[in-house]
Amino acid sequence: MTNEKTAPAELVERSNRLGADPRNTNYAGGNTSAKGTATDPVTSRPTELLWVKGSGGDLGTLTEAGLAVLRLDRLRALVDVYPGVEREDEMVAAFDYCLHGRGGAAPSIDTAMHGLVDAAHVDHLHPDSGIALATAADGEALTKECFGDRVAWVDWRRPGFQLGLDIAAVKAANPQAIGVVLGGHGITAWGDTSAECEASSLDIIRTAEAFLAEHGKADPFGAPVPGFEALPATERRARAAALAPVVRGLASTDAPQVGHYDDSEAVLEFCAHEKLLPLARLGTSCPDHFLRTKVRPLVVDLPGTAPLEEVVARLRELHGEYRAEYAAYYDRHATSDSPPMRGADPAVVLVPGVGMFSFGKDKQTARVAGEFYVNAINVMRGAEAVSTYAPIDESEKFRIEYWSLEEAKLQRMPRPKPLAGRVALVTGAGSGIGKAIAERLAGEGACVVVADLDASAARGVAADLNGDTGTTDRAVAVTADVTDADAVQAAVDAAALAFGGVDLVVNNAGLSISKPLLETTERDWDLQHDVMAKGSFLVSRAAAKAMLDQGMGGDIVYISSKNSVFAGPNNVAYGAAKADQAHQVRLLAAELGPHGIRVNGINPDGVVRGSGIFAKGWGAERAKVYGVEEEKLGEFYAQRTLLKREVLPEHVANAVVALTAGELTHTTGLHVPVDAGVAAGFLR
């Protein structure tokens with residue numbers, strides 16, 4: 001055995017390597033472990049320990065903090081008090097009495113597998129190739145043909161203490177084996193050293209891949225179906241953008257969902273062949289798969305070339321049927337102690353010719369659900385290539401989906417942030433007020449589309465919002481000229497493709513030119529009205545269409561100005577454009593209210609520091625009008641307010657959150673001053 005200094009580090013390094021390759025396991029799927037010795041601080045004697053990936057962790061990003069640490073003597077002693085398979089769930093709570101010190105992360109359901117198997121290092125993984133053999137109708141025979149006696153077979157059993165005993169017994173009976181294929185589930189491998197264990201895992205995975213490639217038939221999904229082939233890329237993504245808000249609205253019937261779109265080759269191929277419907281109805285098999293994808297997807301049974309209106313109508317019919325079928329599935333298997341049904345909407349929707357939409361409480365959950373269904377497609381392809389796909393029984397799927405342990409895990413999850421599950425589109429978000437708004441909305445849990453005429457600035461803000469996640473789960477950047485209807489529609493389409501639609505729009509894009517009437521040119525007038533009055537109209541129109549398609553309500557917020565109601569000097573074009581925006585708020589609040597869409601405005605004033613407008617000449621012009629130095633303009637504005645406070649971009653962002661985060665659910669048509677108190681700007 002290794003010692004406490006090397007075992008955790010070796011384990012994390014092995015885990016990260018295995019988890020970095022999607023061929024080896026899916027996100028947060030599987031677990032790894034190492035056994036070693038450490039000095040017990042109480043007895044000063046060597047003590048055998050188990051380090052194992054904790055509950056909910058991901059191998060690819062695992063750190064030592066994500067390991068659970070248990071005493072092996074106590075863990076193995078649980079065998080003597082094991083009450084049997086009917087009460088095996090009780091053993092999870094018993095793991096807490098086996099922890100070494102504070103124990104690190106919470107032990108997972110698979111801890112027994114790692115502790116009871118007599119090997120220093122153990123990997124449990126969910127590779128597509130391994131699950132393909134595990135879900136084949138004659139999987140045991142195929143495993144024998146593929147591996148000989150080097151890899152044994154273990155019949156399906158729900159993860160837990162008994163499965164750990166089963167695998168330990170199979171290893172003891174097969175000393176020559178390097179691992180096992182778990183029926184309907186995945187693989188487990190072992191070794192005396194970390195390197196040997198990793199080699200065993202990769203040996204099983206790559207050997208299974210080669211076996212499927214060599215022995216598999218060329219058309220595992222059957223013959224192509226005319227009309228169901230993938231649409232050309234541009235047409236496909238345009239149709240996906242049009243359908244996404246409709247599909248998202250249906251998938252959000254029970255609870256708001258964020259969407260993810262996937263038109264990868266694997267998805268399009270699956271949707272284009274004759275076995276699409278029968279295989280999809282069989283559902284996924286690996287527990288990690290259907291916990292995220294639900295028992296089966298919703299499948300549109302129309303060709304990709306069908307008229308859009310026909311597809312939308314069929315989607316609504318199929319959604320009703322799906323909900324009824326899911327409720328029936330729940331009723332067939334629920335017992336008196338089953339958790340309540342969590343929702344009957346699909347997590348995955350397949351549209352031939354277009355691709356796959358997947359959904360979750362946030363973007364990461366939605367994306368991972370889609371990734372898992374791609375894993376399931378690969379599994380079905382492999383199983384059908386060499387045999388017949390035969391996933392675990394529906395009753396077993398229900399036992400895991402509505403497992404009391406899974407329910408307890410869900411109940412322990414932190415409360416969502418106020419804007420979780422909502423998609424925001426902010427114009428002019430590359431700098432100043434718009435950037436502050438984008439940052440605050442993301443901080444409150446929203447997915448954000450950062451729209452700006454300056455592509456580089458938009459990308460920079462989006463990159464900052466995503467941080468070091470390596471994903472675009474929090475924000476995407478789009479280049480948007482709000483005076484161009486096509487560009488505006490492209491921005492809304494980008495929101496639909498990235499996150500499923502849009503719920504919250506902030507009309508912030510603007511500019512200002514300060515001139516007296518006689519010096520104001522037609523170009524000055526047109527430019528300011530095109531960007532702010534016309535631009536806000538175009539953005540609101542395109543976004544409202546998406547919101548109506550979703551049927552989930554929404555928020556439209558106009559960043560207007562104190563100047564929309566205050567007659568300031570040398571300001572006719574800017575003030576008139578802002579007054580136009582202010583009245584759009586009232587008009588749209590009246591029109592869109594019956595659809596649950598709230599429209600409100602914010603009237604800032606004197607936002608100098610961090611403001612894009614003030615940095616581009618407006619500050620110098622206003623300073624000249626008021627006879628102050630430009631660098632002291634913020635102080636000047638503060639002193640003329642009732643509160644004597646300077647207004648910053650984040651104060652405007654605070655107002656956006658106040659209007660949209662759920663506390664003012666019955667407020668629409670309101671203008672909120674954010675000006676530190678300017679009596680001349682009071683609304684009356």
Side-chain angles (χ1 to χ4, degrees), residues 237-246 248-249 308-309 312 422-429 434 437-438 441 448-453 458 476 478-511 526-561 564 576-602 656 659-660 668-671:
R237 294 183 72 80
R239 175 158 285 213
L243 287 174
V246 175
R248 180 181 178 226
L308 186 63
E309 297 77 8
V312 169
R422 303 197 74 192
V423 181
L425 169 64
V426 184
T427 66
I437 292 170
L441 293 178
V448 182
V449 178
V450 180
D452 202 282
L453 185 61
V476 295
V478 296
T479 307
D481 178 352
V482 296
T483 70
D484 183 332
D486 290 338
V488 167
Q489 186 60 55
V492 174
D493 288 349
L497 292 175
F499 303 119
V502 63
D503 310 295
L504 195 167
V505 171
V506 182
N507 279 311
N508 170 74
L511 79 162
D526 289 343
L527 179 59
Q528 293 182 89
H529 280 74
D530 280 350
V531 171
M532 292 179 288
K534 177 185 173 183
S536 294
F537 153 70
L538 292 175
V539 171
S540 296
R541 184 179 66 175
K545 170 63 166 60
M547 291 179 186
L548 292 173
D549 286 343
Q550 287 173 165
M552 299 165 61
D555 282 284
I556 300 176
V557 179
Y558 281 65
I559 306 302
S560 183
S561 169
S564 66
K578 286 299 183 182
D580 187 311
Q581 285 186 306
H583 199 46
Q584 284 185 40
V585 168
R586 291 183 280 267
L587 293 167
L588 296 186
E591 181 176 341
L592 299 176
H595 303 284
I597 300 171
R598 303 180 316 121
V599 186
N600 292 290
I602 295 172
V656 173
L659 285 168
T660 60
T668 191
L670 175 69
H671 283 276

In Asn508, Val505, Asn507, the residue satisfying side chain to side chain contact (heavy atoms under 4.5 Å, CB included) with Tyr558 is Asn507

Backbone of [Y] reached by a side-chain donor or acceptor of [X] within 3.5 Å:
X      : Y      : result
Lys534 : Leu527 : no
Thr668 : Val599 : yes
Gln550 : Val502 : yes

Measuring only between side-chain heavy atoms, which start at C-beta, is [X] closer than 4.5 Å to [Y]?
X      : Y      : answer
Gln528 : Lys578 : no
Leu659 : Asp555 : no
Leu308 : Leu243 : yes

Taking all heavy atoms of [X] and all of [Y], pick out the closest pair and write down the distance.
X      : Y      : value
Leu497 : Ala241 : CD2-N, 3.7 Å
Val448 : Phe499 : O-CE1, 3.9 Å
Gly669 : Asn600 : N-OD1, 3.2 Å
Met532 : Gln581 : O-NE2, 3.2 Å
Ala485 : Arg541 : CB-NH2, 4.2 Å
Val423 : Arg248 : CG2-NH2, 3.8 Å

Mind checking the [atom1]-[atom2] spacing from [X] to [Y]? Nearest 0.5 Å is all I need.
X      : Y      : atom1 : atom2 : result
Leu548 : Leu592 : CG    : CG    : 6.5 Å
Ile559 : Ile437 : CD1   : CD1   : 4.0 Å
Leu504 : Met547 : CG    : CE    : 7.0 Å
Asp580 : Ser560 : CG    : OG    : 9.5 Å
Ile556 : Asp503 : CD1   : CG    : 11.5 Å
Leu453 : Thr483 : CG    : OG1   : 8.0 Å

When you compare the side chains of Ser536 and Gln584, does any donor N or O come within less than 3.5 Å of an acceptor on the partner?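 Their side chains do not contain a donor-acceptor pair, so the 3.5 Å distance test is not met.
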
Under the side-chain contact (heavy atoms from CB on, under 4.5 Å) criterion, do Leu588 and Ser540 qualify, and how do the steps go? CA-CA 9 Å; Leu588 296 186; Ser540 296; 3.8 Å; yes

Tell me, with the steps shown, if Val482 and Val531 meet side-chain contact (heavy atoms from CB on, under 4.5 Å). CA-CA 6 Å; Val482 296; Val531 171; 4.2 Å; yes

